[in-house]
Engineer: 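Submitted below is the structure of interest, expressed as structure tokens.
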Amino acid sequence: MAIGKKHLMSLRKRIQNLLNADRSPMCWELGHFQVPMFIQEPGRTPTKPYMLVCLDKASTAIMGSDLVQDSPSSQDLLTLLIVSMENPLLGSGIPILPKSVHLDDPAVLEPIGTELGQLSVKLMLVKRLSGLHEFKKIVEHDLFSRQVGYSGGAH
């Protein structure tokens, strides 16, 4: 638990550093899905990891991504969102704040909103993250299906 609190304090400091970041009219999607392949750490049972993705809704440009072994927590998603704001994968290397972020998980809306409140980034709960859904189909077909451990994700 102390590690989680320490990490949260670090994230709060990083959020403070984003207060003067450039504002953008972009709307991002932040979500996750379970990868259709198994990974195995030495001495552990094979598991299916989760891919966390932050992308721009209009262009579907990937702003950030991560793989985690266990079901993602709100802190995992918040971390990815902050990293994506600090260094979006658009190649500019300049921190930016999107105008809004869409989420599809009601359990993470409040925890993320509480931490991001001072940045004036509008969080919205949506039924479906359309960009994330398209991204998932593409990576399942073009990336994961070619990997050892692929378990035949739905296409």
Side-chain angles (χ1 to χ4, degrees), residues 4 7-8 11 14-15 18 21-42 44-117 119-155:
H7 181 68
L8 187 56
L11 288 176
R14 291 166 71 184
I15 289 169
L18 286 167
D22 290 340
R23 304 264 171 192
S24 164
M26 291 190 287
C27 172
W28 291 357
E29 291 186 348
L30 177 65
H32 63 86
F33 59 91
Q34 196 165 25
V35 175
M37 61 183 278
F38 288 93
I39 60 169
Q40 184 174 9
E41 297 289 329
R44 296 190 63 188
T45 305
T47 59
K48 286 184 177 183
Y50 292 84
M51 183 163 215
L52 285 59
V53 180
C54 181
L55 53 84
D56 175 51
K57 185 176 179 183
S59 67
T60 65
I62 300 165
M63 307 310 286
S65 65
D66 197 9
L67 278 175
V68 295
Q69 208 162 355
D70 299 317
S71 185
S73 67
S74 58
Q75 203 170 86
D76 292 329
L77 288 164
L78 177 62
T79 300
L80 176 62
L81 183 56
I82 291 169
V83 167
S84 299
M85 290 177 188
E86 290 173 331
N87 193 16
L89 296 182
L90 293 175
S92 71
I94 299 170
I96 58 171
L97 297 176
K99 182 175 184 174
S100 61
V101 176
H102 289 182
L103 304 162
D104 66 352
D105 183 351
V108 302
L109 183 65
E110 185 177 337
I112 291 177
T114 298
E115 298 302 329
L116 287 184
L119 293 179
S120 299
V121 173
K122 184 178 180 181
L123 295 180
M124 294 179 59
L125 186 63
V126 296
K127 287 187 180 201
R128 182 175 185 221
L129 299 172
S130 57
L132 182 70
H133 180 74
E134 288 302 310
F135 174 80
K136 179 183 175 189
K137 286 189 337 189
I138 291 166
V139 296
E140 282 182 358
H141 182 266
D142 294 340
L143 177 65
F144 295 126
S145 67
R146 295 183 171 101
Q147 303 299 315
V148 172
Y150 179 67
S151 63
H155 294 286

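The analysis underlying the following values was restricted to heavy atoms, covering all of them including side chains, and did not include hydrogens, waters or symmetry mates.
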Engineer: With salt bridge (Lys or Arg N to Asp or Glu O under 4.0 Å) as the rule and sequence neighbours excluded, what pairs involving residues 68-81 come up?
Structural biologist: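 Those involving residues 68-81 do not exist here.
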Engineer: Nearest 0.5 Å, please: how far is CG in L8 from CD in Q75?
Structural biologist: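 Going from the CD atom of Q75 to the CG atom of L8 covers 5.0 Å.
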Engineer: State, yes or no, whether a side-chain contact exists between V121 and M85 at a heavy-atom distance under 4.5 Å.
Structural biologist: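 When only atoms from C-beta onward are counted, M85 and V121 do touch, with a gap below 4.5 Å.
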Engineer: Work out which heavy atom in L80 is nearest to a heavy atom in G64; give both atom names and the distance.
Structural biologist: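 In this case the closest contact between L80 and G64 is CD1-C, 3.6 Å.
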Engineer: So, do I112 and V101 sit near enough that their side-chain heavy atoms are less than 4.5 Å apart?
Structural biologist: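 No, too far: nothing below the 4.5 Å cut-off.
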Engineer: Return the NE2 to CG distance between H102 and L109, rounded to the nearest 0.5 Å.
Structural biologist: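 Here the rounded value is 11.5 Å.
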Engineer: Tell me which pairs pass salt bridge (Lys or Arg N to Asp or Glu O under 4.0 Å) where either residue lies in residues 95-105, with sequence neighbours left out.
Structural biologist: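 Output for this query is empty, none listed.
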Engineer: Taking salt bridge (Lys or Arg N to Asp or Glu O under 4.0 Å) as the test, write out the residues that go with R14, two or more places apart.
Structural biologist: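 Residues passing salt bridge (Lys or Arg N to Asp or Glu O under 4.0 Å) with R14: E86.
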Engineer: Pair L116, L78 - check side chain to side chain contact (heavy atoms under 4.5 Å, CB included), show working.
Structural biologist: CA-CA 9 Å; L116 287 184; L78 177 62; 4.1 Å; yes
Engineer: Holding to side chain to side chain donor-acceptor pair (under 3.5 Å), I want the full list of residues that pass it with S65, two or more places apart in sequence or in another chain.
Structural biologist: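 Not a single residue meets the side chain to side chain donor-acceptor pair (under 3.5 Å) criterion with S65.
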Engineer: Shortest non-hydrogen contact from L18 to L97?
Structural biologist: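 Scanning both residues completely, I find the closest heavy atoms to be O-CD1, 3.7 Å.
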Engineer: For E110, what residues pass the salt bridge (Lys or Arg N to Asp or Glu O under 4.0 Å) criterion, not counting sequence neighbours?
Structural biologist: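 With sequence neighbours excluded, E110 shows a salt bridge (Lys or Arg N to Asp or Glu O under 4.0 Å) to no residue whatsoever.
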Engineer: Grab the two heavy atoms, one from P72 and one from L52, that are nearest each other, plus how far apart they are.
Structural biologist: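 Nearest pair, atom of P72 first, then L52: CG-CD1, 3.8 Å.
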Engineer: Would you give the length of the straight line joining atom CG of D56 to atom OG of S84, rounded to the nearest 0.5 angstrom?
Structural biologist: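 These two atoms lie 11.5 Å from each other.
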Engineer: Can you give each donor-acceptor pair under 3.5 Å made by side-chain atoms of residues 25-38, sequence neighbours left out, with the distance rounded to 0.1 Å?
Structural biologist:
| residue | atom | partner | partner atom | Å |
| --- | --- | --- | --- | --- |
| E29 | OE1 | G131 | N | 2.9 |
| E29 | OE1 | L132 | N | 2.9 |
| E29 | OE2 | S130 | N | 3.3 |
| E29 | OE2 | G131 | N | 3.4 |
| Q34 | NE2 | K48 | O | 3.3 |

Engineer: Let me confirm one number: the CG-NE2 distance from L11 to H7, rounded to the nearest 0.5 Å.
Structural biologist: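 Nearest 0.5 Å value for the CG-NE2 distance: 4.0 Å.
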Engineer: Going through the checks in order, is the side chain to side chain contact (heavy atoms under 4.5 Å, CB included) test met by E115 and I82?
Structural biologist: CA-CA 10 Å; E115 298 302 329; I82 291 169; over 6 Å; no
Engineer: Evaluate the side-chain proximity of S120 to R23: yes if any heavy-atom separation is below 4.5 Å, no if none is.
Structural biologist: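 Contact flag for R23/S120 side chains = yes.
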Engineer: Kindly give the heavy-atom pair with the smallest separation between I96 and P88, and that separation in Å.
Structural biologist: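 What the structure gives for the nearest pair is CG1-CG, 3.7 Å.
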Engineer: Can you measure from OG (S74) to CG (L103) and round to the nearest 0.5 angstrom?
Structural biologist: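 Answer for the OG-CG pair, S74 versus L103, is 10.5 Å.
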Engineer: What are the two closest non-hydrogen atoms of L125 and P106, and how far apart are they?
Structural biologist: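 Minimum heavy-atom separation between L125 and P106: CD1-N, 3.6 Å.
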Engineer: Looking at every non-hydrogen atom in both residues, tell me the closest pair between M51 and F135 and how far apart they are.
Structural biologist: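 That would be SD-CE2, 3.9 Å.
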